[in-house]
Amino acid sequence: MIKYNPKKIEQKWQDAWYKSSVFKAKNGSKKKKCYLLVEFPYPSGVGLHVGHCRSYTALDVVARKRRMQGFNVLYPMGWDAFGLPTENYAIKKKVHPAVVTKKNTDTFRRQMKSLGWSFDWSREINTTDPKYYKWTQWIFIQLFNNGLAYKSKIDINWCPKDKIGLANEEVIDGKCERCGTKVEKREKEQWMIKITKYADRLIKDLDNVDYLEKIKTQQKDWIGESHGALIKFFVEGVEEHIDVFTTRVDTIFSVTFLIVAPGHNFIDKYKSRIENIDEVLKYREDAKNVSDMDRTNQDKEITGVQLKGIVVRNPATNEEMPVWTADFVLEHYGTGAVFADAHDKRDFKMAKKYGIPLRTSIKPDDELLMQKVKNLEECFEEEGTLYNSQQFDDLKSAEARPKIIMWLAGKGLAQPKVSYKLRDWVFSRQHYWGEPIPMIFCKKCGWQAVAEKDLPIELPNVKKYKPTDTGESPLALIDKWVNVKCEKCKGQAKRETDTMPNWAGSNWYYLRYLDPKNNKELADGAITKYWMPVDWYNGGMEHTTLHLLYSRFIFKFLWDIKAVPTIVGPEPYKKRTSHGMVLGEGGIKMSKSKGNVINPDTIVKQWGADTLRIYEMFMGPFEQMIPWDTKGVVGSRRFVEKIYNLAGKKVAVKTSESLEKILHKTIKKVSGDIELMKFNTAVSSMMEFVNAWQVSEEGLDKKGLADFLKILSPFAPHLAEEIWSGMGFKEMCCEQKWPKYDEKLIEEENVLLIVQVNGKVRDKIEAKAGIAQKDAEKLVLKSEKIKALIGDKKSVKTIYVQNKLINIVI
RNA sequence: GCCGAGGUGGUGAAAUUGGCAAACACGCCGGACUCAAAAUCCGGUGCCCUUAAAAGCUUGAGGGUUCAAGUCCCUCCCUCGGCACCA
């Protein structure tokens, strides 16, 4: 018998697959299509992560199964290669980022091929390829032309020593990651994308897709839709009102002061009227250096400053009230201003601290609590019944709200309003390694898009990749590139030197796989119509709020402007699932600095790709994060090797009935588990089958072995092909039909009945399947154990669950 | 802090969704084979008491619902993901 040698087997079958192009997806085939997508990796210098191996193997299992089920499968791969790590590496080592990227993608590709994933490599894409980012730039121009891209002043993190803008990730405890200098905020003109215009659709359309519930929840919470009202608070002495957004208009009769965010433009506009403006501006500066998270932290000590000299009128009571500023009110949520009363914990605390008068207008049902609330000993935030609220007294909060809004609206003081937490998307980066933003600024004509015929605007070669001392991207230093003629007036104009964020390229990549070489459009309409939407998209939970939302938004936009055929519908992904991270041994994150990174190459070399694939699927539940355990890999290798050895010797003329039964159960279990992403139990059921095979006297016949290899092949494809071809078949195992199981064979004749007395298991009795309660009771009473337990006590009740359990209560 | 996920043997975990807790695998213990070791094969392995059998206990902590709770409800503790310029 030849010893199992994965190195030989695996290379051989990888060559055979790629040579015969069995994994090539055919555009416009008559077959039913199935588009499976995994998030394409950022090709970092560390190489492929064992976490990639988990999710890519999982969808590879699905892809291989779907092909065997007769689908025309598209399972593509590419590189999301623009970004900070490569740029930082380039700055440090003085190599061109493109050179680094080439090296890294080569490594990734080699590693991926060594795992036998069934990607259609003829469709490989790379976001840093000008032929690709031509279309990323084209999308930006469409956004601009449709009024969805605009310039706005935004604070960025600024390191005064390094003189560069920093990503949030590069700011540790308010200090620059590299030099430890305290990070400042600096205002900068940035390109913004109006994703907020799509907020409602991004929520509503979730009803029509099959995403894991937790993914839908996270998306909804991120968008943060809330229904309420916009209320006008008129400022005494000027023709001006401060708008407040609230969801709790029912509390308006208890409102005693107003709070505006420190950055609210009312402060700028009425500087001269605010008596303590210096103090207010100082407070604003301090607030700038605190993150939103810290500002809104419920446990934080509340601070605030009154805008002295400013008085507004409560539109409901007509009373005069002071205006304050406090940092827990955020500029970019709602209108940047809130009304404050005793029915909000933070307002309550703030009023107590600064001696601002408080009043209540909502009462709880509980009398005792009511007294405390009335005496301002406790803050009542829930809904309740209104009082102190004039004609709205005795209404429940929910009933009162629309009535109060109507009443105020009648006086022109309020209107219903839906507000979102979602903010517009900052789209500029002052970096080299990103897509140049295809815009030109002319002093006379303003911002204009580059002509489409001039796309792509390629990244010019520079010597230094570090941002300039003024914080601009290094592109700003290349006069020849920056200075252009205005398309309209032919006068002097300048190119935008900022580049796009990493998300720009990953927003629409799933469309490019369909038609990766098209130079006339993103992707051909007919081809897009055939393949879209993506049938199943798997990715990390960490991408749920940003990448997933951004790409859904961009797709909707492309659909709106008919860059995607209408028939496809407004959602890019039919189904979205997520995988858990693979952690290092001991449950800590794998990282270069901790030295606990597992290189898949090592595992493939030592154990083989099939073993790695099986281990990745077997290690634990797919959705859950899981620590890597090199010791555990050996179990998967034993399993793989056991199959190889058994196939070489335990082949029977006819499989025994009992083994056949187990085989059919296994086919059913594996088929179902793949759909539910329960890969770990799919593998364990195959292990159980192999154990049964091993101890069986006769062994497995040719038909049985063939069926088993078919269900094994998505998990351990090389091994399956090897044994398959050894059985004398001409075609490959991966091209076979997925096997069916016989339901009759699975049915059990006898069942083990659990016998409980007072809910405790006391005995187990074998009985005919489908036995009636009466007969079961008779059977049970024959048991000596049960007889002894019951004795002369009377049974009160008997619970019977067919084929499972009988519980006698005495 | 807010939103989301999770907590079961020495370890990774399983449990038909309210019906035998611990399948499968790692590890460990014992045995076979071997001069020996590795590999392989066979047997054992939640905890406690015990020669053994039987009983008892056990799913982060506490309480509740139920004939029956890892699973449902309430309170609390801990770990992880996201928090808008990492990808």
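Note that the structure is predicted; figures quoted are calculated from it, not measured. Naming: A, B, ... by sequence-line order, numbering from 1 per chain.
- In the set B:C24, B:C83, B:G4, B:C24 carries the atom at the smallest distance from any side-chain atom of A:E688.
- Using a 4.0 Å cut-off, no side-chain N or O of A:K804 falls inside it from OP1 or OP2 of B:G19.
- Checking B:A23, B:C42, B:C86 against the side-chain heavy atoms of A:S684 singles out B:A23 as nearest.
- Below the 3.5 angstrom threshold, one finds a donor paired with an acceptor across the side chain of A:N807 and the base of B:C67.
- If you check every strand for non-hydrogen atoms under 4.0 Å, A:Q218 touches a base.
- Look at the C1' atom in both B:A23 and B:A13: the space between them is 10 Å, to the nearest Å.
- Annotation: B:G10 and B:G19 have their C1' atoms spaced 30 Å apart (nearest Å).
- An OP1 or OP2 oxygen of B:C2 is reached within less than 4.0 angstrom by no side-chain nitrogen or oxygen of A:N297.
- In this structure, A:L84 reaches the sugar-phosphate backbone alone: every heavy-atom distance under 4.0 Å involves primed, P, OP1 or OP2 atoms, never a base.
- The salt bridge (charged side-chain N to carboxylate O under 4.0 Å, His left out) test with A:E623 is passed by exactly one of A:R54, A:K678, A:K214: A:K214.
- If you check every strand for non-hydrogen atoms under 4.0 Å, A:K345 touches nothing.
- Remark: B:A55 base-pairs with no nucleotide in the shown strands. Criterion, Watson-Crick or G-U wobble with two distances under 3.5 Å.
- A:Q430 comes within contact range of at least one nucleobase, with a heavy-atom separation under 4.0 Å.
- With B:C85, B:A84, B:C42 as the candidates, the nucleotide lying closest to the side chain of A:Q694 is B:C42.
- B:A68 sits 16 Å from B:A15 when the C1' atoms are compared, rounded to a whole Å.
- Within 4.0 Å (heavy atoms only), A:Q190 reaches at least one base atom of the nucleic acid.
- Note on A:V634: only backbone sugar-phosphate atoms sit closer than 4.0 angstrom, heavy atoms only; bases stay farther off.
- Only the P atoms considered, B:C74 is 29 Å distant from B:A22, to the nearest whole Å.
- Checked against B:C83, B:G19, B:C85, the side chain of A:M293 finds its nearest nucleotide in B:C83.
- Ring pair A:Y550/A:W425: centre-to-centre distance below 6.0 Å.
- No more than 12 heavy atoms of other residues, nucleotides or ligands lie within 6.0 Å of NZ in A:K163, so this atom counts as exposed by the packing criterion.
- For A:K188, the NZ atom counts as densely surrounded, since its 6.0 Å shell holds more than 12 non-hydrogen atoms of other residues, nucleotides or ligands.
- Taking atom CZ on A:F639 and atom C1' on B:U40, their separation rounds to 18 Å, with Å as the unit.
- Taking a pair to require two hydrogen-bonding distances under 3.5 Å in either a Watson-Crick or a G-U wobble arrangement, B:G19 pairs with B:C67.
- When both pairing distances are held under 3.5 Å, B:G4 makes a Watson-Crick or G-U pair with B:C80.
- Protein atom CD of A:E641 is 7 Å distant from nucleotide atom P of B:U40, rounded to whole Å.
- At least one side-chain nitrogen or oxygen of A:N691 sits closer than 4.0 Å to the OP1 or OP2 atom of B:A25.
- Between A:E381 and A:K345, at least one side-chain nitrogen of the basic residue sits less than 4.0 Å from a carboxylate oxygen of the acidic one, meeting the salt-bridge criterion.
- Remark: A:K678 is in phosphate contact with B:A15, judged by side-chain N or O atoms under 4.0 Å from OP1 or OP2.
- Phosphate contact (OP1/OP2 of B:U40, side-chain N/O of A:R638, threshold under 4.0 Å): present.
- Using a 4.0 Å heavy-atom cutoff across all strands shown, A:R637 reaches no nucleic acid atom at all.
- Atom CD in A:E169 sits roughly 12 Å away from atom P in B:A84 (whole-Å rounding).
- Donor-acceptor pairing under 3.5 Å is recorded for the side chains of A:K642 and A:N691.
- Two residues, A:D80 and A:N680, neighbour RNA chain B, and the one matched to the more 5' nucleotide by heavy-atom proximity is A:N680.
- Counting non-hydrogen atoms under 4.0 angstrom, A:I215 reaches nothing in the nucleic acid.
- Both A:K214 and A:D424 lie near RNA chain B, and the one whose nearest nucleotide falls closer to the 5' end is A:K214.
- The nearest whole Å value for the distance from the CD1 atom in A:I626 to the C1' atom in B:A25 is 12 Å.
- Just one residue in the list A:W508, A:F40, A:F82 forms a ring pair (Phe, Tyr, Trp, His ring centres under 6.0 Å) with A:Y132, and that residue is A:W508.
- Taking atom P in both B:G64 and B:A69, the straight-line distance is 13 Å, to the nearest Å.
- Phosphate contact (OP1/OP2 of B:G82, side-chain N/O of A:Q219, threshold under 4.0 Å): absent.
- When the P atom is compared between B:C72 and B:U17, the two are found 14 Å apart, to the nearest whole Å.
- One P atom belongs to B:C29, the other to B:A21, and the distance between them is 30 Å to the nearest Å.
- A:P621 comes within 4.0 angstrom of sugar-phosphate atoms only, judged by non-hydrogen atoms across all strands, and of no base.
- Searching all strands for a Watson-Crick or G-U wobble partner of B:C24 with both distances below 3.5 Å returns B:G12.
- At the phosphate of B:C57, OP1 or OP2 sits under 4.0 Å from a side-chain N or O atom of A:K760.
- Looking at A:N507 and A:S551, their side chains never bring a donor and an acceptor atom within 3.5 Å of each other.
- When rounded to the nearest whole Å, the span between CH2 of A:W607 and C1' of B:A25 equals 14 Å.
- Applying the 90° criterion around 0 to the glycosidic angle, B:G9 comes out syn.
- Residue contacts shown for A:M619 are limited to sugar-phosphate atoms, with no base heavy atom under 4.0 Å away.
- Residue-level contact check: A:V801 touches the bases, meaning some heavy atom is under 4.0 Å from a base atom.
- Using N1 to N3 plus N6-O4 or O6-N4 for Watson-Crick, or N1-O2 and O6-N3 for G-U wobble, each under 3.5 Å, B:C41 pairs with B:G31.
- Looking at heavy-atom distances under 4.0 Å, A:H543 makes contact with a base.
- Comparing atom distances between the A:M687 side chain and each of B:G82, B:G4, B:C24 picks out B:C24 as nearest.
- In this structure, the CD atom of A:Q624 is 13 Å from the C1' atom of B:G81, given to the nearest Å.
- The base of B:C67 is not paired with the side chain of A:K797 by any donor and acceptor separated by under 3.5 Å.
- Annotated as syn: B:U17, whose glycosidic dihedral is within 90° of 0.
- B:G60 and B:A55 have their P atoms separated by 26 Å, with the value rounded to a whole Å.
- B:A87 is unpaired under the criterion used here, namely a Watson-Crick or G-U wobble arrangement in which both key atom distances are under 3.5 Å.
- Across all strands, A:F618 comes closer than 4.0 Å to base atoms (heavy-atom distances).
- Here the P atom of nucleotide B:A5 and the CE atom of A:M581 are 16 Å apart, to the nearest Å.
- Judged by distance alone, the side chains of A:Q219 and A:R552 do bring a donor and an acceptor atom under 3.5 Å apart.
- Nucleotide B:G12 holds its P atom 21 Å from the CD1 atom of A:I614, rounded to whole Å.
- Taking the six-membered ring for Trp and the full ring otherwise, A:W503 and A:F553 have centroids separated by 6.0 Å or more.
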